[in-house]
Amino acid sequence: MLERTHTCNDLSLIHLNNKVTLMGWVHTLKCLGGRWFLNLRDRYGLTQIVFKPEHSFEWTYILKEIKLEYCICIHGVVESRVQNGGSCNANIATGQIEVNALQMYILNKSLNLPFQINNKNTVNEDLRLEYRFLDLRNPCLQYKILLRHKLLTLTRKYFNTHKFIEIETPILSKYTPGGAHNFLVPFKDNLFFSLSESPQLYKQMLMIAGFDRYFQIAKCFRNEDARGDRQLEFSQIDIEMSFSNESQIKSIIEQFLRYITKKLLNINLVIPLQQLSYNNALRKFGTDKPDLRSKFQHIDITPILERHHNIKNLFLKNIITNNLLLKAIHIPAKFSISTKEVEKIKKDPYLSNFSNFKILHVKINNNMQWMPQSLSENIQENILSKINKLFNIRSNDSLFLIISPLHCMQSISFFISSFLDKKFHTLNSSSFKFLWITEFPLVEWNESNHKFKSLHHPFTSPINGKLLKNLQITKSRAYDIVLNGIELGGGSIRIHDSQLQSKIFKKLNLNKKQFSFFLNALSFGAPPHGGLALGLDRLCMLFSNSTSIRETIAFPKNSNGFDILTGAPTVIKNVQK
RNA sequence: GGGGUGGUAGUUAAGUUGGUUAUAACGCCGGCUUGUCACGCCGGAGGCCGCGGGUUCAAGUCCCGUUCACCCCGCCA
């Protein structure tokens, strides 16, 4: 058999008259009477093969056997398209040449395809997953897998040059109830491992061991319902550092992000990145993972009302007396929204999850009056003008006013602003807005089981290393990194004091016994340390402008956690012993 | 577990207040075409309209159930 001499992206005019051998797949095939054109594809690119009738009377006979996606070998001579009387194709790297075929071998045939392989189709995802090996031939998907490969390479290079050591931690690990559901792996004698949810405790013990700076591209497993940005198994860029505070860790990550955005997207990321406290994020965006590209900010205007006790408008008065909040979302005049669309928002099924709230759409007329007029008449001038000033409101702008109790205000206001962002296409997909969220509460109260739950995880240090009497107002040393409204990663300064850790386990109602190995480890000179994990799949998704992480994983599960390609998971009748 | 949207040819979609033989594009098969590259032209095959009930003289279309997919909520320490 002939040996491949070049890939389908290699050849140019400098190879004129060379005899070459290419191997790949039939991308397109076109007959023009006696002359045939074939586009040969491999992962590097495309090369046009021409079959001239004067070289063989048999080409037509042979080529009639060839179909798309046959795997073939071409031996031929590199020729100039122009000199051959044709025209160049500026869309491909090899567009100036073509290979005049002398010999062709079919390496393997292909059945007719279940769907066409090109850049434009939007084929049903289940079918694509069933034929993932074909879908992965699509240059568009190959680009995403290649981007992931580049990211992995850059990650190793960056952390290596910053003295981080790559260390693998166990995937078969200890089952700890609480938190995400685990995948259990039977061992023997009724003993089970659990697939690692994250390398958290191992990496902390590496710090205790003195490795100082650790990183790993870690596979994590969580037995929870999947989403567009969540899979049962996923990868994270996991790091941990000793003797470092928040700003040192953030700085390492910021430089990493600047490095990869430059290398992968050719974007000059400005660092340090913007920061927003957890409370301010909720106040301004209604979410703890705001999208800074959003044009629709929220402002809580309850405090303005509270300063005016003699409000005539019953609607507004209601707010104060019932301990509700009033939030406004400002819509500049260039984004006009119809009454119909306002009704559509109000009737959206999502909002039926909430009760005791009200949504009002207010238009500002040319005289800077609020419409409907009844509203404007009953609210004192000074309140109106304060709000107008706060948002820098101009005529023909409009506002959404939301009145609701605290616990559903964030969800409702975020729902409305993201509706508006979608409607007006304000989220520029080539813009990358990173953001740190800081000052998270340490815990939150879980209404369903009447227990405190860590907001981050139970190993997160409280600010100043102390628990306040009121646990609910204790802040933690956790930080999340958000990119375009998606939580890219999170981390914290950890607890390195065994007694404090023990105390927190107790407050959180966690069984101390199951973590005794860890408390023991902390007792042997554990250094102060902290770290962070970045979602690798999500990073690839955002960098490749994909709508789900399934696009960035070679063999993903579908949204129900099934591997359509292999048919896993399966019922096992006779489990191996 | 809850909600939303969808399922029509190999693929992607259209299908009007229920009314002749269910359309189109791409793909596939056959023919023409010696410079195409989203080539072009002529012809052809291809359908349990997701599945099961119901209403009706008549259902792709209306109703009920069910299933599968995607998105969202719950969940993801």
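Fair warning: this is a prediction, and the values are worked out from it, not measured in the lab.
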Searching all strands shown, indicate the nucleotide that pairs with [N] (Watson-Crick or G-U wobble; both distances under 3.5 Å).
{"N": "A24(B)", "answer": "U12(B)"}
{"N": "U5(B)", "answer": "A69(B)"}
{"N": "C41(B)", "answer": "G31(B)"}

How would you label the contact of [X] with the nucleic acid (heavy atoms, under 4.0 Å): base, sugar-phosphate, or nothing?
{"X": "Asp225(A)", "answer": "base"}
{"X": "Pro458(A)", "answer": "base"}
{"X": "Leu455(A)", "answer": "nothing"}
{"X": "Leu127(A)", "answer": "sugar-phosphate"}
{"X": "Gly95(A)", "answer": "nothing"}
{"X": "Glu125(A)", "answer": "sugar-phosphate"}
{"X": "Ser454(A)", "answer": "sugar-phosphate"}
{"X": "Lys64(A)", "answer": "sugar-phosphate"}

Taking atom types as they are modelled, would you say the side chain of [X] forms a donor-acceptor pair with the base of [N] within the 3.5 Å cutoff?
{"X": "Lys30(A)", "N": "G35(B)", "result": "no"}
{"X": "Arg81(A)", "N": "C37(B)", "result": "yes"}
{"X": "Asn124(A)", "N": "G7(B)", "result": "no"}
{"X": "Arg230(A)", "N": "C75(B)", "result": "yes"}
{"X": "Gln116(A)", "N": "U12(B)", "result": "no"}
{"X": "Ser559(A)", "N": "C71(B)", "result": "no"}

Taking the ring centre of each residue, are Tyr70(A) and Trp25(A) less than 6.0 Å apart?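 No.
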Looking only at the aromatic ring of each residue, does the gap between the centers of Phe459(A) and Phe518(A) stay below 6.0 angstrom?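 Yes, the ring of Phe518(A) comes within the 6.0 Å limit of the ring of Phe459(A), centre to centre.
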What's the [atom1]-[atom2] distance between [X] and [N], to the nearest Å?
{"X": "Glu224(A)", "N": "C73(B)", "atom1": "CD", "atom2": "P", "answer": "14 Å"}
{"X": "Glu197(A)", "N": "C75(B)", "atom1": "CD", "atom2": "C1'", "answer": "13 Å"}
{"X": "Asp229(A)", "N": "C73(B)", "atom1": "CG", "atom2": "P", "answer": "9 Å"}
{"X": "Asp126(A)", "N": "G6(B)", "atom1": "CG", "atom2": "C1'", "answer": "13 Å"}
{"X": "Leu129(A)", "N": "A69(B)", "atom1": "CG", "atom2": "P", "answer": "11 Å"}
{"X": "Leu29(A)", "N": "C26(B)", "atom1": "CG", "atom2": "C1'", "answer": "17 Å"}
{"X": "Phe562(A)", "N": "C70(B)", "atom1": "CZ", "atom2": "P", "answer": "10 Å"}
{"X": "Tyr70(A)", "N": "C28(B)", "atom1": "OH", "atom2": "C1'", "answer": "13 Å"}

For Arg81(A) and Gln96(A), indicate whether the former's side chain and the latter's backbone hold a donor-acceptor pair under 3.5 Å.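 Here the side-chain-to-backbone pair does not exist.
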Would you say the side-chain atoms of Arg230(A) pair up with the backbone N or O of Asp225(A), donor to acceptor, closer than 3.5 Å?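 Pair found, side chain donor or acceptor close to backbone of Asp225(A).
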Spacing of the [atom1] atoms in [M] and [N] (rounded, Å):
{"N": "U67(B)", "M": "A59(B)", "atom1": "P", "value": "26 Å"}
{"N": "G27(B)", "M": "G10(B)", "atom1": "C1'", "value": "7 Å"}
{"N": "A58(B)", "M": "G18(B)", "atom1": "C1'", "value": "8 Å"}

Let's see if you can work this out: which of [options] has an atom nearest to the side-chain heavy atoms of [X]?
{"X": "Leu32(A)", "options": "U34(B), C70(B), A77(B)", "answer": "U34(B)"}
{"X": "Lys52(A)", "options": "A77(B), G35(B), C37(B)", "answer": "G35(B)"}
{"X": "Val123(A)", "options": "A77(B), U12(B), C75(B)", "answer": "U12(B)"}
{"X": "Asn560(A)", "options": "A77(B), U12(B), A69(B)", "answer": "A69(B)"}
{"X": "Gln48(A)", "options": "C73(B), C70(B), G35(B)", "answer": "G35(B)"}

Measure the acute angle between the ring planes of Phe505(A) and Phe515(A), then classify it against the limits of 30° and 60° as parallel, tilted or perpendicular.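 The rings of Phe505(A) and Phe515(A) lie parallel, inter-plane angle below 30°.
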Give me the ring orientation class for Trp59(A) and Phe51(A): parallel if the planes are under 30° apart, tilted from 30 to 60°, perpendicular past 60°.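 Trp59(A) vs Phe51(A) ring planes: perpendicular.
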Could you pick out which residue, His457(A) or Arg550(A), lies toward the 5' side of RNA chain B when each is mapped onto its nearest nucleotide?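 Whichever sits nearer the 5' end wins; that is Arg550(A).
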Any stacking of Phe37(A) on U36(B), going by centres under 5.5 angstrom and planes within less than 30 degrees?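 Stacked: ring centres under 5.5 Å, planes under 30°.
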Any side-chain N or O of Asn223(A) under 4.0 Å from OP1/OP2 of C76(B)?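 No.
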Any side-chain N or O of Arg222(A) below 4.0 angstrom from OP1/OP2 of A77(B)?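 For A77(B), OP1/OP2 do have a side-chain N/O of Arg222(A) under 4.0 Å.
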Verdict with reasoning, Tyr175(A) to Phe193(A), per ring-ring contact (aromatic ring centres under 6.0 Å, His included): CA-CA 6 Å; Tyr175(A) 172 70; Phe193(A) 286 107; over 10 Å; no
Return the CD1 to CG distance between Ile437(A) and Asp288(A), rounded to the nearest 0.5 Å.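 CG of Asp288(A) is found 7.0 Å from CD1 of Ile437(A).
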